[in-house]
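Here's the structure we're looking at; comments come further down.
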Protein chains: 2
Amino acid sequence: MSQYEHTCMIRGDGGRTIRAVLDRICDKWTLLIVVTLDQGRLRFSDLHRRIPGISQRMLTLSLKNLERDGLVSRTAYAEVPPRVEYALTPMGQSLIPPALALAGWATEHIAEIEASRAAYAERM
Amino acid sequence: MSQYEHTCMIRGDGGRTIRAVLDRICDKWTLLIVVTLDQGRLRFSDLHRRIPGISQRMLTLSLKNLERDGLVSRTAYAEVPPRVEYALTPMGQSLIPPALALAGWATEHIAEIEASRAAYAERM
DNA sequence: CAGAATCCGGCTTGATACTG
DNA sequence: CAGTATCAAGCCGGATTCTG
């Protein structure tokens, strides 16, 4: 069967648990924001700069969802101009190792995937 | 800085690599299909049964994309009624550990996330 | 059994403009 | 600076029907 015995536990509910979390962190930006915040406490504009391509709107929404889910903490300072800092909560930090595992796999296999894609397109 | 030194490598391109792979495996069903196929070689109808909630259409499309990307192999037998089996390629199998890491995190923290969500909704 | 084809509603996302 | 508000587009995904 599986080469990883605890798989059955994860599939025990027919994938509902993994689907529930996938629905939360597997949108377009969330996981990338979490990995970026592993660099430490960052301001809104810092995040915006470090994540190329994300819109203000999406950064706002994603951060709000992450805060609601308890993965990110938001700290607003009563200053002018306003300053808001975001940081990973302990639970958010616990997501870093699996997230990096996936990211590591990504960097290792992206070329092979692209090659497979190209070969597939060639055959058409 | 980061507690995981190789993070900088992953973020080196501004997250473009991780985004490229996220775009591929982080749709609604792909990762779940991969994890399910870790059980071994499965027929189309088997997959359909083992993944509750997925439509025929989405299973077909996801499998086609996985095959194109070189993560899944498809074997059709010339029989009536037709039989088609799907299995992970070596690259597909290499995705299992990171995928399970994420799935494991999911099962461990889903309750805490739900609690945080509930508390958040309460405050509103 | 294992799909392919079609239709279509809705959610996600992006662009833009505005504000405390 | 750190958002909010509004709008429109596009893609995702579900339901259904049909086929070799």
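In the text below, chain A, chain B and the rest are named by the order of the sequence lines, each starting its count at 1. Nothing here was measured: the structure is a model prediction, and the numbers come from that model.
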By salt bridge (Lys or Arg N to Asp or Glu O under 4.0 Å), Arg19(A) pairs with (sequence neighbours left out) Asp23(A)

Grab the CZ-P distance between Arg83(A) and dG3(D) for me, whole Å please. 13 Å

Contacts to DNA chain C from residues 62-81 of chain A, heavy-atom cutoff under 4.0 Å, which residues? none

With each end axis built from five pairs of C1' atoms, what bend angle do you get for the helix from dC1(C)-dG20(D) to dG20(C)-dC1(D)? Round to 10°. 50°

With sequence neighbours left out, write down each residue that passes salt bridge (Lys or Arg N to Asp or Glu O under 4.0 Å) with Glu79(A), or none if nothing qualifies. Arg83(A)

Enumerate the residue pairs fulfilling ring pair (Phe, Tyr, Trp, His ring centres under 6.0 Å) with a member in residues 101-124 of chain A, sequence neighbours excluded, ordered by first and then second residue. Trp105(A)-His109(A)

Got a sec, which residues hit salt bridge (Lys or Arg N to Asp or Glu O under 4.0 Å) with Glu112(B), two or more places apart in sequence or on another chain? none

Strictly by salt bridge (Lys or Arg N to Asp or Glu O under 4.0 Å), give each pair with a member in residues 87-110 of chain B just once, sequence neighbours left out. none

Sort and list the pairs that fulfil salt bridge (Lys or Arg N to Asp or Glu O under 4.0 Å) and have at least one residue in residues 92-104 of chain B, not counting sequence neighbours. none

Under the salt bridge (Lys or Arg N to Asp or Glu O under 4.0 Å) rule, collect the residues that match up with Arg49(B), sequence neighbours excluded. Asp46(B)

Return each pair, listed once, that meets ring pair (Phe, Tyr, Trp, His ring centres under 6.0 Å) where at least one residue sits in residues 18-76 of chain B; pairs must be two or more places apart or across chains. none

For DNA chain C, note the earliest and the latest nucleotide, 5' to 3', having some atom under 4.0 Å of a heavy atom belonging to chain A. dT13(C) to dG20(C)

Base contacts versus sugar-phosphate-only contacts with protein, heavy atoms under 4.0 Å: please encode nucleotides 13-20 of chain D as B, S and - from 5' to 3'. BBB----B

